[in-house]
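Have a look at the structure below, then the notes.
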Amino acid sequence: MRAAGRSVRARLRDRIAASDPGLLRLTAGLRTVGAIALTLAVLALLGADVHLLVAGAMAAMVATFAIREKQLGAQAVTLALGLPVALVSVTLGAVLNARLYVGDVFFVVLIFCAVYGRRFGDRGTALGLIGFQIYFLSLFVGAEVSSLPTLCGAIAVAFCSSALLRFAVVPATPTGVLLRLRLAFRARLAQLVSAQLDLLDAGPEEMDKALEAVREGTARLHETAMMIQAQLEEGTPDESAARLVQRRIADAEIAAERLGLLLLTFRSAERADTLTLHLPGAPAPSVGQPAVPDEATATLRRDLQALRALVLRAGSGDAGTGLAHVRNRLLGYRDEENLPPAPAAVQDVFRGIGEAARSVLGLRIALDGPQDESDDTPATARSREELDAEDAAIDGGEEPAQEQETGLRRPTTRAAVQVAVGSTLAIVGGELLSTQRWYWAVLTCWIVFLNTASTGEILVKGYRRLLGTVFGVVAGIVLAGLVGQHTWTAFGLVLVLIFAMFYVAPLSYTLMSFFVTAMLGLLYTYSLDVLLLRVEETALGAACGVIAAALVLPVRTDRRTNELLGTVLDRLAEVTEAAVGQLSGGPADELLDKARDLDQALADLRAATQPLIHPVTPLRARRHTARYVVALLETCAYHARTLAATAELLPTHPSIAADPRLRGAAGRTVRNIGTIAARVADEHAAARVETGPSIASLLGSDAGTPRYGRITDRVLRHLERLDEAVVGLARPLGVPVAEPRA
């Protein structure tokens, strides 16, 4: 019973870790709710009235969520600087509240400075956010000069409560966050293997659903890997150790994705297209009935289950002959003589399982240090030797400084001008709607500019905020009616709504807006007319933001996506050229950094295309094109990452030899990437994408080795699929394709 209880707890922990990588959302929610609850408790003991309770709660919320720095020392400095900024802001709000035009002008100037401060990094962003939100707070509670002492005291209590929760009760150090992200990566990797196991057993009617689960698991694993990359620099003091973890995470991700492709190929009538794993909604390839449960297939199912168990127990402190036996058996599939008799496609899956087991072993060594080697088989010992040699070859390097834009081309300057203009329009329009609650329009205009960079993104964010506000108003009316005059019951529900707001914020901006509006409906029991006014002010603020973004220094969605698309193509060309160069015998390059830059550029492009693929987008053809292009680029990135990972094995892996012919064979692919990038940058560019013989045929007949017989054959296959995907990009992007030469 006790063991069963531990198993249930472990499964629950893994599910939570996978759904909330690093527990970042849970930590943010608990920290904010705790700071607000502590502030309310202290102010209640001091006999504060409802207005001060509301002000303290809002100040505690701002002091908690505004700070985004990773190191605790930097957070402490920003929080300490934030308190005087907040006190000055609330004082100016109280003084200028009665001066109509002067107060409005100052509010616009404050908004401009707050947005412009983002150019100074996390601290500038936090201080600007605190200054704006506390000034808004002074308008919200109707601050007056006579009430300033008590109001400043409530804000000071809020900041102290936030500090106590941040540094003592719910601390989040970079090292701790990285540790939890590693657990999340392990949990998501196990979930992906489970989805792949379902893919193995899926019948024709279940294939689409099983493939969608594999596709989603692959995307979520990549998401967690990117989060770990972002935390490595701060969470791992040793640069070489950080690079080692980065390498092992990338290895595990590539091995897991390749295993899914091999399983899909095995279940399909022909070799699976890599695009199938990256294009949402793409139909599954045709399959027959579920695989016949012969001996080889039954062994395959058993070994997939064993791989999942190996992933779940890696890093948990478990040891013993049982785990070692499983690990040794799976690693043995990397040697040809250990493969069970089966068709070639099935043997490929066994090899994929062996490579995945090796990546799990490498990840465990990188994260937990040396392991017990007493039960190693010769195959496991060889895998350890390869990993040790790779670890010794990993070295740090400096990233080149990137050129910064200046003047009005600087994103922070442009956004500051836009939001200042939009806020001016929101003030004028808001006061026409209501001279008492005009600031709701300004708040919405401010918010729609946060973390957006194009007119389309602002439009979608404004739409989502309006939708969440409408439903939040309804919820606020219902909850206010249920709570009645029970103040502390209302504050208890407010804490629940605030936790929900922060927990869902990274997932759905609409839900976040819903919870914050419902919360505000509880803080103040508004009449129906006032709640409807809030909807009107929200719609007005969103409209002012969109108008300012569209007319003042606009960044069209197409322009931004084209810029980011060009960056992705440049990074793809860099990774491909550097990897092929190293595989051809050239000097070693910083392939890990280049691959990381490619992934980040692709993530930025994926975020920027959200307005194009949003359900409200009227242009369905453009929506399908955007999805298809991003999926093709994800396919290209997968093959480029795999080439880079293979190239880094070259100095240490005995089965990989440099082949100078690869550089010439891959030259066409690199040129095609450059051609597409040039066409994206200039639609009048006249160059054409080249097509021709397969890359394998360009190397001559002696390159035709048995499937997976040599690493070289795998390199060729990735180069061919990358070449095909790059040519596939030409059609949706309108790049002409030259006819192959006779």
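From L221, atom CG reaches atom CD of E223 across 10.0 Å, with rounding to the nearest 0.5 Å. In this structure, OG1 in T32 is found 10.5 Å from CG in L495, a value given to the nearest 0.5 Å. Rounded to the nearest 0.5 Å, atoms CD (E536) and CZ (R437) are 13.0 Å apart. Here the CG-CG distance, from L633 to L564, works out to 11.5 Å after rounding to the nearest 0.5 Å. For the atom pair I447 CD1 and I458 CD1, the distance stands at 13.5 Å (nearest 0.5 Å).
For E212, the salt bridge (Lys or Arg N to Asp or Glu O under 4.0 Å) test picks out R215, with sequence neighbours left out. Applying the ring-ring contact (aromatic ring centres under 6.0 Å, His included) rule to F106 yields the partners Y135; only residues at least two apart in sequence or on another chain are considered. The salt bridge (Lys or Arg N to Asp or Glu O under 4.0 Å) test applied to R31 returns no partner, not counting sequence neighbours. With sequence neighbours excluded, the residues satisfying salt bridge (Lys or Arg N to Asp or Glu O under 4.0 Å) with R559 are E563. For Y509, there are no ring-ring contact (aromatic ring centres under 6.0 Å, His included) partners two or more places apart in sequence or in a different chain. Residues passing the side chain to side chain donor-acceptor pair (under 3.5 Å) test with Q133, sequence neighbours excluded: none. For E634, the side chain to side chain donor-acceptor pair (under 3.5 Å) criterion is met by R606, not counting sequence neighbours. In this view, E537 satisfies the salt bridge (Lys or Arg N to Asp or Glu O under 4.0 Å) rule with no residue, not counting sequence neighbours.
Donor-acceptor pairing under 3.5 Å is recorded for the side chains of T64 and S162.
Residues L24 and M227 are in side-chain contact: their nearest non-hydrogen atoms beyond the backbone lie under 4.5 Å apart. D20 has its side chain within reach of Y503: a pair of non-hydrogen atoms, C-beta onward, lies under 4.5 Å apart. For the pair L540/W440, no side-chain contact is recorded, criterion being any heavy-atom separation below 4.5 Å from C-beta on. Put simply, the side chain of F112 does not reach to within 4.5 Å of the side chain of V419, judged on heavy atoms.
The two residues G128 and W446 make their nearest non-hydrogen contact at O-CH2, 4.3 Å. Residue A163 comes nearest to L79 through the heavy atom pair CB-CD2, 3.4 Å, listed as atom of the first residue, atom of the second, then distance. When all heavy atoms of A441 and G430 are compared, the closest pair comes out as CB-CA, 4.4 Å. Shown here for S423 and C445, the closest heavy-atom pair between the two residues is N-SG, 3.6 Å. Listed here is the closest heavy atom pair of L533 and S434: CD2-CB, 3.5 Å. In terms of heavy-atom proximity, A59 sits nearest to L137 at N-CD1, 3.7 Å.
The salt bridge (charged side-chain N to carboxylate O under 4.0 Å, His left out) pairs that include a residue from residues 105-122 number zero, where partners must be two or more places apart or lie in different chains. Among residue pairs with one or both ends in residues 78-103, those qualifying as side chain to side chain donor-acceptor pair (under 3.5 Å) are E69-T78, T78-R123; sequence neighbours excluded.
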Please output the side-chain donor-acceptor pairs of residues 80-88 that fall under 3.5 Å, not counting sequence neighbours, one pair per line with the distance.
none

Using a 3.5 Å cut-off and no angle test, enumerate the donor-acceptor pairs between side-chain atoms of residues 146-159 and protein atoms at least two apart in sequence or in another chain.
unit_1	atom_1	unit_2	atom_2	d
S147	OG	E144	N	3.2
S147	OG	E144	O	2.9
T150	OG1	S147	O	3.0

Check your understanding: Between R534 and T517, does a side-chain hydrogen bond (donor to acceptor under 3.5 Å, both in side chains) hold up when you go through it step by step?
Key -> CA-CA 9 Å; R534 169 156 168 71; T517 303; 3.2 Å; yes
Point to revise | Intermediate values then yes/no, side chain to side chain contact (heavy atoms under 4.5 Å, CB included), I67 and R166 | key: CA-CA 10 Å; I67 298 175; R166 178 179 294 275; 3.7 Å; yes
